[in-house]
Amino acid sequence: MSDSLSPPWWKGASIYQIYPRSFADSNGDGIGDLGGVLHQLDYLEQLGVEALWLSPIFRSPMADAGYDISDYRDIDPLFGSLADIDRLIEESHARGMRLLLDFVPNHTSDQHPWFIESSSSRDNPKRDWYIWSDRPNNWRAALNAGSAWTLDERTGQYYLHLFLPQQPDLNWRNPEVVAAMQDVLRFWLDRGVDGFRIDVAHCTGKDDTFADEPRCITQPLSDFNDQPYSHEVLRGLRRVVDQYPGERVLIGEVNIRSTRQVLQYYGRGDELHMSFNFLPLDIGWEAEGFRRCIEEIETLYAPADAWPTWVLSNHDNRRHRTRYHGSLANARAAAMLLMTLRGTPFIYQGEELGLEDAHITPETRVDPGGRDGCRAPIPWLATPPHGWDGAATWLPFPPDADTLAAERQRHDPLSTFSLYRHLVAARRASPALRLGDWHELPAPPSVLAYRRQHVDDQRAVCINFADTAQVCPLDGQWLIELASDGHGEATPYDGRLAPRQALLLRPKDV
Ligand code: GLC
Ligand code: CA
């Protein structure tokens with residue numbers, strides 16, 4: 001643990017997202033589980049990441065793959081038991097990795113006892129734990145669910161759900177809800193987790209006039225819901241984690257495409273420690289888009305003393321390799337970008353193998369939101385069923401599961417896995433990469449070049465987005481520390497970049 005003078009661990013960490021359903025299976029039912037994660041800790045340790053974030057593993061009817069929780073204090077039998085998570089906390093810690101859980105405050109499952117009570121009668125003491133109305137407004141739910149209001153036949157009122165009808169929204173203006181959910185945090189903090197990724201952290205507060213929202217004609221409310229009360233909720237959660245030693249962290253999913261708004265969720269250092277900013281998910285493989293995005297984030301975050309995060313892939317969006325025309329070279333150059341910007345990078349399981357989205361047919365489709373492609377199981381072994389013995393996996397494997405399998409890549413120095421491993425190690429070794437300032441360097445239009453500097457430690461990065469060679473001379477003399485295609489390492493940089501090549505450089509005299 002760091003003392004008050006050194007920066008908190010999460011600023012320097014590379015954080016790895018595990019989507020447990022698809023990570024690794026330990027009991028042959030075709031669905032990943034905690035036993036599978038325990039079994040693959042060597043792999044994660046070899047990659048070198050400092051923290052793991054697990055998507056939800058709690059009791060759930062699985063209408064939204066676990067983001068519909070029916071008991072926040074228990075593990076779904078599909079994933080294992082409380083004993084398994086205790087062991088995972090312990091074993092991750094023993095290997096120097098922190099463990100973060102997913103906290104889903106906006107909604108429960110409709111099978112949660114709280115909602116079963118709430119919907120049992122209009123005068124049930126838990127009626128006000130959810131949001132009920134006689135007249136629905138025009139709010140639209142996400143995940144293709146249509147109206148955000150569903151009529152409860154029994155009591156004749158509508159309940160609000162910003163996601164599926166099986167995910168009723170909690171009423172965070174009710175102090176009993178606040179207390180009950182803060183207790184959930186304590187339950188897991190007491191068990192030793194290092195923090196939480198907070199699901200749709202911008203959604204807990206609702207416009208309490210329930211006015212129609214013009215943007216809901218085309219968009220779900222959760223794309224832009226941004227109410228002062230959500231900040232109040234976050235301040236309350238922050239007070240809870242701040243009572244624990246060991247720099248526990250709150251990382252919020254603020255799924256709004258506006259840097260200014262996202263920034264508000266850091267509060268005055270009394271809300272989120274970090275928020276996702278998903279702007280990069282909308283940028284294609286082009287230098288100019290990234291240049292503008294990075295400049296915007298640098299310009300707004302630095303003065304606010306807010307620490308950025310970087311995400312190229314997750315369980316809700318097409319994988320970045322798929323978005324970047326399926327090109328592995330592009331995906332690898334993007335990895336260099338992800339891991340060398342100022343801020344905490346999040347690696348989504350399988351991107352370190354260069355995976356693409358699986359091809360999903362109407363027959364293999366599971367998710368009502370159409371997000372199955374990026375949730376395909378990880379191919380551990382080259383030969384089918386790729387380390388998933390037993391029942392067929394819940395989703396098909398991604399393309400090239402044989403050549404991209406983990407076992408093929410772990411000991412191949414030129415593999416994508418090795419590139420990520422070296423990038424994680426490079427961050428660990430360099431204060432400039434972990435904490436340094438970011439300065440753009442002059443470069444041709446299809447190249448993004450920047451320098452990172454912390455006291456006397458320096459690195460430079462040049463990323464060629466073009467499929468032609470580019471010339472990008474830099475002042476001073478530089479050595480290639482790492483190349484996205486593995487070529488030219490430890491040689492002097494001559495100002496030339498191969499097509500789709502990204503280079504990490506260090507000053508020659510160091
Ligand atoms: C977040 C999750 C997503 C889920 C939704 C509702 O956006 O990342 O997977 O469907 O919230 O919980
Ligand atoms: Ca299993």
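Throughout, residue positions are numbered sequentially from 1 according to the sequence presented.
In this structure, Arg332 contributes its side chain and Ala483 its backbone to no donor-acceptor pair below 3.5 Å. Put simply, the side chain of Ser81 gets close to the backbone of Asp84: a donor and an acceptor are under 3.5 Å apart. Between the side chain of Asn330 and the main chain of Tyr324, a donor-acceptor pair closer than 3.5 Å is present. Of the possible polar contacts, one joining the Arg321 side chain to the Gly326 backbone as a donor-acceptor pair under 3.5 Å is found. In this structure, Arg248 contributes its side chain and Val193 its backbone to a donor-acceptor pair below 3.5 Å. Although no hydrogens or angles enter the test, the distance criterion places a donor-acceptor pair under 3.5 Å between the side chain of Trp380 and the main chain of Phe23. A distance-only check finds a donor-acceptor pair linking the side chain of Asp372 to the backbone of Val366 [under 3.5 Å]. Between the side chain of Ser92 and the main chain of Leu88, a donor-acceptor pair closer than 3.5 Å is present. Looking only at distances, a side-chain donor or acceptor of Asn464 sits under 3.5 Å from a matching main-chain atom of Thr468. With hydrogens and angles disregarded, no donor-acceptor distance shorter than 3.5 Å links the side chain of Gln40 to the backbone of Asp42.
Ion pairing between a basic and an acidic side chain is recognised when a charged N comes within 4.0 Å of a carboxylate O; Arg323 and Asp357 show no such pairing. Using a 4.0 Å cut-off between charged nitrogen and carboxylate oxygen, Asp199 and Arg197 count as a salt-bridge pair. Salt-bridge annotation for Arg319 and Glu351: absent, with no side-chain N of the basic residue lying under 4.0 Å from a carboxylate O of the acidic one. For Arg375 and Asp316, the salt-bridge test passes: some basic side-chain N is under 4.0 Å from an acidic carboxylate O. A salt bridge links Asp86 to Arg191: at least one charged side-chain nitrogen sits closer than 4.0 Å to a carboxylate oxygen.
Ala65 and Arg21 make their closest contact through CB-CD, 4.0 Å (heavy atoms, listed as atom of the first residue, atom of the second, distance). The two residues Leu338 and Trp310 come nearest to each other via the heavy atoms CD1-O, 3.4 Å. Contact between Trp478 and Pro507 at its shortest, heavy atoms only, is CE3-N, 3.5 Å. Across all their heavy atoms, Phe79 and Pro20 have their closest contact at CE2-CB, 4.1 Å. Nearest heavy atoms, Pro499 versus Ala469: CG-N, 3.8 Å.
Looking at Thr108 and Tyr72, their side chains never bring a donor and an acceptor atom within 3.5 Å of each other. Looking at Tyr266 and Asp305, their side chains never bring a donor and an acceptor atom within 3.5 Å of each other. Looking at Asn277 and Thr259, their side chains do bring a donor and an acceptor atom within 3.5 Å of each other.
Applying the 6.0 Å contact sphere to CZ of Arg410 captures more than 12 heavy atoms from other residues, nucleotides or ligands. Crowding of Asp190 atom CG: a count of heavy atoms from other residues, nucleotides or ligands under 6.0 Å exceeding 12. Within 6.0 Å of CZ in Arg238 there are more than 12 heavy atoms belonging to other residues, nucleotides or ligands.
Applying the side chain to side chain contact (heavy atoms under 4.5 Å, CB included) rule to Asn27 yields the partners Asp25, Asp29, Asp33; only residues at least two apart in sequence or on another chain are considered. Annotation: ring pair (Phe, Tyr, Trp, His ring centres under 6.0 Å) contacts of His202 (sequence neighbours excluded): none.
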List the steps and the verdict of side-chain contact (heavy atoms from CB on, under 4.5 Å) for Ile347 and Gln17.
CA-CA 6 Å; Ile347 301 169; Gln17 179 189 358; over 6 Å; no
Would Asp68 and Leu164 count as a side-chain contact (heavy atoms from CB on, under 4.5 Å) if you check the C-alpha gap in whole Å, the side-chain angles of each, and the deciding distance to 0.1 Å?
CA-CA 9 Å; Asp68 49 320; Leu164 300 176; over 6 Å; no
Determine whether Tyr43 and Glu352 satisfy the following criterion, side chain to side chain donor-acceptor pair (under 3.5 Å), listing intermediate values before the conclusion.
CA-CA 11 Å; Tyr43 172 84; Glu352 78 282 10; 2.7 Å; yes
Audit row: Asp76, Ser60, side chain to side chain donor-acceptor pair (under 3.5 Å) steps and yes/no
CA-CA 6 Å; Asp76 196 277; Ser60 166; 5.4 Å; no
Quick one, Phe278 with Glu253, criterion side-chain contact (heavy atoms from CB on, under 4.5 Å). Give me CA distance, side-chain angles, the key distance, then yes/no.
CA-CA 9 Å; Phe278 288 146; Glu253 182 206 19; 3.7 Å; yes
Run the side-chain contact (heavy atoms from CB on, under 4.5 Å) test on Met181 and Leu237 for me, step by step, so that the C-alpha distance in whole Å, both residues' side-chain angles and the decisive distance to 0.1 Å come before the verdict.
CA-CA 9 Å; Met181 291 298 279; Leu237 300 178; 5.6 Å; no
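Here the CG-CH2 distance, from Asp183 to Trp188, works out to 14.0 Å after rounding to the nearest 0.5 Å. Of the inter-residue distances, the one linking Leu504 atom CG with Thr340 atom OG1 reads 7.0 Å to the nearest 0.5 angstrom.
Aromatic ring pairs are classed by plane angle as parallel below 30°, tilted from 30° to 60° and perpendicular above 60°; the pair Trp388 and Phe397 is perpendicular. Ring geometry for His315 versus Tyr19: interplanar angle under 30°, hence parallel rather than tilted (30 to 60°).
Annotation: ring-ring contact (aromatic ring centres under 6.0 Å, His included) contacts involving residues 327-361, sequence neighbours excluded, comprise Phe276-Phe346.
Aromatic ring centres of Tyr301 and Trp438 lie farther apart than the 6.0 Å criterion allows. In this structure, His273 has its ring center closer than 6.0 angstrom to the ring center of Trp10.
Checking Arg98, Arg434, Arg95, Arg428 one by one against Glu50, the salt bridge (charged side-chain N to carboxylate O under 4.0 Å, His left out) holds for a single residue, Arg428.
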